[in-house]
Amino acid sequence: MKTMLKSVAVGVALSLSLGTAAAHSDDIACDADFAYNIEIQDKGLSFFSKDQEKVLITSSSELFLDGQKQLLSPQQLELLDEYNHRVRELLPLASGVAEEASAIAIEAVGSVTAALLHDNPDKAEEFVARVETISAELKQHISSTHLRPEALVDYVESSDFEAEFESLIETAVTEFMENNVGQMIAAAMSGNEEKVKAFEQRMESFGKDLEDKMERRAEQLELQAEKLCDLVENIDQTETQLVKAFDKFDSYQLITK
């Protein structure tokens with residue numbers, strides 16, 4: 001169970017650290033590095049580097065590079081519109097993956113701690129609150145209107161994301177062992193087989209139910225991640241076409257590999 005939850009935690013970290021927008025399974029492998037932070041504002045779609053606006057595509061399809069308006073041909077404008085549309089699709093989709101990954105982590109930790117610490121609900125709630133805090137802090141850097149890849153990666157690395165989850169589960173398991181193992185040994189020694197069997201059945205049922213539930217959720221997350229991978233690839237292809245038609249955009253590309 002601890003191993004399964006650790007896998008969930010790692011999956012969440014990978015899904016949320018979209019500085020390398022990636023989804024991984026036996027059949028999926030996609031990655032791309034983003035050169036800029038992305039924001040959607042009233043004035044349009046913007047790419048920022050160190051708080052400096054590098055690219056602006058306005059709502060009226062005007063292109064500004066480093067604040068300088070660019071003159072585009074009809075063909076270039078058509079490609080720019082397609083590019084603008086695809087990048088705008090990226091933010092809500094990436095945010096959706098992050099939301100679902102976070103929800104899976106919170107549900108997994110909540111289920112595990114509720115089962116292991118059913119005699120100590122306050123401690124179980126404390127663990128869930130910590131996971132919710134981690135999730136909220138991560139999502140400050142990703143939403144349907146902004147994506148800050150470097151900040152996401154920095155947070156995951158600086159917070160030791162995986163170790164945080166491991167620590168929570170190890171503590172829960174330790175408290176569970178301290179509170180239950182003695183009782184089970186006493187029950188076994190006294191010949192109370194029914195109590196021991198009921199306990200074993202409860203834990204086996206919980207483990208199976210949690211595994212099935214998380215597997216279903218993980219499959220749905222994988223489908224979302226596949227769509228994200230496809231969209232990143234489409235953006236990369238459209239960006240390549242835009243650069244071919246307007247070579248000045250080469251040094252402003254969003255996606256690098």
Side-chain angles (χ1 to χ4, degrees), residues 3-40 45 47 57 79 81-111 131 134-153 155-157 161-162 165 209-243 253-257:
T3 301
M4 180 185 68
L5 197 64
K6 178 181 175 182
S7 298
V8 172
V10 174
V12 172
L14 286 173
S15 297
L16 291 177
S17 61
L18 285 165
T20 52
H24 298 277
S25 73
D26 293 338
D27 303 314
I28 310 171
C30 68
D31 61 85
D33 291 333
F34 291 146
Y36 306 107
N37 294 327
I38 309 169
E39 290 191 10
I40 298 176
L45 173 68
F47 299 165
I57 304 173
L79 285 169
D81 284 341
E82 181 181 354
Y83 181 68
N84 183 22
H85 176 71
R86 292 192 185 281
V87 176
R88 283 175 174 271
E89 285 184 327
L90 173 68
L91 271 61
L93 187 55
S95 179
V97 170
E99 288 280 353
E100 179 62 12
S102 296
I104 290 174
I106 292 170
E107 182 175 347
V109 171
S111 297
V131 177
I134 294 171
S135 173
E137 289 172 349
L138 282 166
K139 288 187 290 185
Q140 287 179 6
H141 307 298
I142 180 171
S143 74
S144 59
T145 59
H146 68 264
L147 174 61
R148 302 175 187 129
E150 289 185 5
L152 278 169
V153 173
Y155 178 78
V156 170
E157 291 178 350
F161 192 80
E162 183 178 346
F165 273 88
D209 290 347
L210 179 62
E211 184 177 358
D212 290 345
K213 185 187 296 184
M214 291 300 103
E215 187 172 327
R216 289 194 297 271
R217 295 286 296 274
E219 287 174 356
Q220 292 299 313
L221 180 61
E222 184 175 304
L223 292 176
Q224 289 181 259
E226 285 187 57
K227 292 180 180 179
L228 181 59
C229 283
D230 290 342
L231 181 56
V232 169
E233 182 62 29
N234 287 335
I235 291 172
D236 189 33
Q237 292 174 359
T238 304
E239 192 169 59
T240 298
Q241 295 174 351
L242 180 59
V243 169
Q253 292 189 68
L254 173 64
I255 296 177
T256 60
K257 288 189 177 182

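Quantities reported herein were computed from a predicted structural model and do not represent experimental measurements. The analysis underlying the following values was restricted to heavy atoms, covering all of them including side chains, and did not include hydrogens, waters or symmetry mates.
R217 is listed as a side-chain neighbour of E100, based on a closest heavy-atom distance under 4.5 Å.
Heavy-atom minimum distance, L91 versus T145: CD2-C, 3.3 Å.
The closest donor-acceptor contact from the side chain of H146 to the backbone of Q140 lies under 3.5 Å. Of the possible donor and acceptor atoms, none in the side chain of Q253 sits under 3.5 Å from a partner among the backbone N and O of E239. Here the side chain of D236 pairs no donor or acceptor atom with the backbone of V232 at under 3.5 angstrom.
Partners of N37 by side chain to side chain contact (heavy atoms under 4.5 Å, CB included), not counting sequence neighbours, listed by chain and number: F48, R148, P149.
Annotation: the span from L90 atom CG to S144 atom OG amounts to 11.5 Å, rounded to 0.5 Å. The distance from atom CG of D230 to atom CG of N234, rounded to the nearest 0.5 Å, is 6.5 Å. Of the inter-residue distances, the one linking L228 atom CG with E222 atom CD reads 13.0 Å to the nearest 0.5 angstrom. Here CG of L254 is found 11.5 Å from CG of L242. Values are rounded to the nearest 0.5 Å. The CD1 atom of I40 sits 8.0 Å away from atom CG of N84, with the distance rounded to the nearest 0.5 Å.
Residue pairs that meet the salt bridge (charged side-chain N to carboxylate O under 4.0 Å, His left out) test with at least one member in residues 81-95, sequence neighbours left out, are E82-R86.
Note on ring orientation: taking the six-membered ring where Trp is involved, the planes of F47 and Y83 are perpendicular (angle over 60°, cut-offs 30° and 60°).
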